[in-house]
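Just below is one structure, and these are the notes that go with it.
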Amino acid sequence: MHWADAFVQDLAGHQTVSTGISPSGPIHVGNMREILTGNFIYVASRDRGLETRFIYLCDDMDPLRKVYPFLDKSYSSYVGRPLYKIPAPQGEGTYSEYFLRPFLDTLDTINVKVEVIRTSNLYREGKFAEAIDVVMKNSQQIRSILEEISGRDIEENWSPYNPICESCGRISTTSVTSYSFPYVEYSCKCGHTGRSDVRKDQGKLPWRIEWPAKWKILGVTVEPFGKDHGAPGGSYDTGKAIAEKIFGISAPKPMIYERILLKGKGAMHSSTGIAIPASEMIRVAPPQILRFLIARSQPGRHIDFDPGLGLLNLIDEYERYRDIYFGLEASDDDDAKRIYELSRVREERPGDVVSFRHLITLLQIYHDDNGLLSALKRGGYTHNSISGDLRAEMDVARSWLDTYGPEQMKFTLLPPDAPVELGESEKAVLKEFLQTGQSMKWDAESIHNRIHEILRSGNTDPKEGFSIFYRVLIGKTRGPRLGYFLSNLDRDWVMERLKRAVS
RNA sequence: GGGCCCGUAGCUCAGCUAGGUAGAGCAUCUGGCUUUUAACCAGGUGGUCGGGGGUUCGAACCCCCCCGGGCCCGCCA
């Protein structure tokens, strides 16, 4: 049984699956494990017949922690201020929306339907007011929970609520001086004293308290999170205790997942620059592959992500699962069909799809739709024009090839006067081809047959014979199907190139 | 100091919470196909399952101890 199905097996009643990612920088492939793990659990829960809600909390109230490497130095003045109140690094709008937008676009592309909730709105609408009141009235108990479970010492003037200074806009520089619902009075390091209304977005709960408060406000029953939260004494432990003892609710059922590493580089962090943005991944891989990457891996195992040849192998594997689903290939992997179902972003049928590897080759041969389409049809593609989905996949294949494709998979035509070393017998093959090349029918089959005929009559080994042409045309010993390859090239150009090669 | 994950074929991994003769894909090699989706079909090479103990009739799997790799553990997310 697939891990998502196994996870929801003992659930009963209405479920709310919650996920959350801070838009403090570009949202990367590593972050996608959060949202996709949640998505698969959501789908599995619904498939079990449970009424289920799936939400994504955008933590735009979080303060900017520091000036990240991708930010201008001038951002030092914004450190400590909430992300939704900071200007975007480029263009109009806010910092948080700037990084949220491409993420939401990516979710759309990979067919993740989720309710997006901005934490700042929850505060602004007063959703946190009651929880903040409870927390302020139980601050001593919360303090002892945090000290006991996390094992840290909490300073004397600590408060379970952090007002935002209305003067300097920072959130981590204020000290609470008194509380009487709904007002928290504070003094700030900047010298300002004021009061925050807990029914508005004038202050924020710290993470370890905000998390269980969200569980209460939103009725969260299931939540995936990274193992950093799951460490003993970590925020899930303290959150669970606060949920039970302060809010009187049960903590959500946890699904702890491991991190995604960039092969050879380490864990993905946008703060270190070791990260591939999710939007970049769907630029160089079909969208279902991002889902597949997460769906096929046990959450408890880390994933080594390799955007190069590893990605191509991953795509191959997806296509193998698809063939199993179509019934074109046998498999004793019970989860294969389920993984495919969870991964695909649309209905696919055998006549609609073309293998990614095949596309990689075709794209380098054909530069017009007619040639490409006829090649596709030979491979079983049933449409009379290139579909929008396939067009998009071609763009993706091109991008992958340009950005991550290994040299061995790339080829380009050599210029007519490029030098090439050939033996006499090799030149003889080309010369024979030249004799009829100008007059023969210039189509794939004729060319193929003609070359074959020449090689047979000269007792030339076919493998070596074909490689002569590849060496002359693309400087490699192997290449795409030769007849079709040549037929798609300009005849005069080919003749000119061969003539120069033998002279 | 505490905790989690991983270590199985050259590579990526499955198998481990039902203990019963080591698996898949890729790569590689051989054969086939009047050689081309760098394809396909058939077959082969390839692993003392990180090491050592223990439990057991029997351990990749359960227990203990090591070794190696990765990650997390103030605040913030």
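Residue numbers begin at 1 in each chain, while the letters A, B, ... track the order of the sequences. Both backbone and side-chain heavy atoms feed into the values below; hydrogens, waters and symmetry mates do not.
When the C1' atom of B/C5 is taken as reference, atom CH2 of A/Trp3 falls 16 Å away, rounded to whole Å. What separates OH of A/Tyr236 from P of B/G2 is a distance of 25 Å, to the nearest Å. Rounded to an integer number of Å, the gap from A/Ile474 CD1 to B/A38 P is 11 Å. One can place OH of A/Tyr318 at 25 Å from P of B/A24, the figure rounded to the nearest angstrom. Distance CZ (A/Phe292) to C1' (B/G25): 11 Å, rounded to an integer number of Å. Across the protein-nucleic acid pair, A/Glu317 atom CD and B/U12 atom P stand 13 Å apart, rounded to whole Å. As rounded to whole Å, 10 Å separates atom C1' of B/A14 from atom CD1 of A/Ile339. A straight line from CD of A/Gln298 to P of B/U8 spans 17 Å, rounded to a whole angstrom.
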Starting at the 5' end of RNA chain B, write a dot or bracket for each base, bracketing those in Watson-Crick or G-U wobble pairs whose two distances are under 3.5 Å and using | for partners on another strand. ((((((((.[[[[.)....(..]]]].(((((.......))))).....[[[[[..)....]]]]])))))))....
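Atom NE2 of A/His358 and atom CD1 of A/Ile360 lie 11.5 Å apart (nearest 0.5 Å).
Contact check on A/Asp352 versus A/Arg349 returns a salt bridge, with a Lys/Arg side-chain nitrogen under 4.0 Å from an Asp/Glu carboxylate oxygen.
Among the protein residues, A/Tyr470 comes within range of the nucleic acid bases, having at least one heavy atom under 4.0 Å from a base atom.
No side-chain donor-acceptor contact under 3.5 Å links A/Ser235 and A/Trp211. Donor-acceptor pairing under 3.5 Å is lacking for the side chains of A/Ser24 and A/Arg65. A side-chain donor from one of A/Arg124 and A/Asn121 sits under 3.5 Å from a side-chain acceptor of the other. Residues A/Asp201 and A/Tyr84 bring a donor and an acceptor atom of their side chains to less than 3.5 Å of each other. With 3.5 Å as the limit, one finds a donor-acceptor pair spanning the side chains of A/His28 and A/Asn31.
Residues satisfying the salt bridge (Lys or Arg N to Asp or Glu O under 4.0 Å) criterion with A/Glu258, sequence neighbours excluded, are A/Lys227.
A syn orientation is assigned to B/A18, its glycosidic angle lying within 90° of 0.
Screening residues 21-40 of chain A for salt bridge (charged side-chain N to carboxylate O under 4.0 Å, His left out) gives no qualifying pairs among residues at least two apart or on separate chains.
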Could you list all N or O pairs between the protein and nucleotides 60-62 of chain B that sit under 3.5 Å apart?
none

Pairs under 3.5 angstrom, nitrogen or oxygen only, protein versus nucleotides 39-43 of chain B, please.
none

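Judged by a 6.0 Å distance limit and a 45° cone about the ring axis, A/Lys253 is positioned over the six-membered ring of A/Phe7.
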Heavy-atom contacts, protein to nucleotides 71-77 of chain B, under 4.0 Å, summarised as B (base), S (sugar-phosphate only) or - (none) per nt, yield BS-SSBB
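Mapping A/Gly465 and A/Gly230 onto RNA chain B by nearest heavy atom places A/Gly230 closer to the 5' end of the strand.
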Kindly indicate, with the supporting measurements, whether the criterion side chain to side chain contact (heavy atoms under 4.5 Å, CB included) is fulfilled by A/Leu218 and A/Ile117. CA-CA 10 Å; A/Leu218 299 162; A/Ile117 298 172; 4.1 Å; yes
Could you check A/Asp60 against A/Lys85 for salt bridge (Lys or Arg N to Asp or Glu O under 4.0 Å), going step by step and ending with a plain yes or no? CA-CA 9 Å; A/Asp60 60 350; A/Lys85 294 237 171 156; over 6 Å; no
Checking side chain to side chain contact (heavy atoms under 4.5 Å, CB included) for the pair A/Ile164/A/Met61: CA distance, chi angles, key distance, verdict? CA-CA 10 Å; A/Ile164 297 171; A/Met61 260 308 253; 4.0 Å; yes
Pair A/Glu341, A/Lys337 - check salt bridge (Lys or Arg N to Asp or Glu O under 4.0 Å), show working. CA-CA 6 Å; A/Glu341 275 179 357; A/Lys337 288 184 180 179; over 6 Å; no
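Taking atom P on both nucleotides, B/U48 is separated from B/C67 by 24 Å, rounded to a whole Å.
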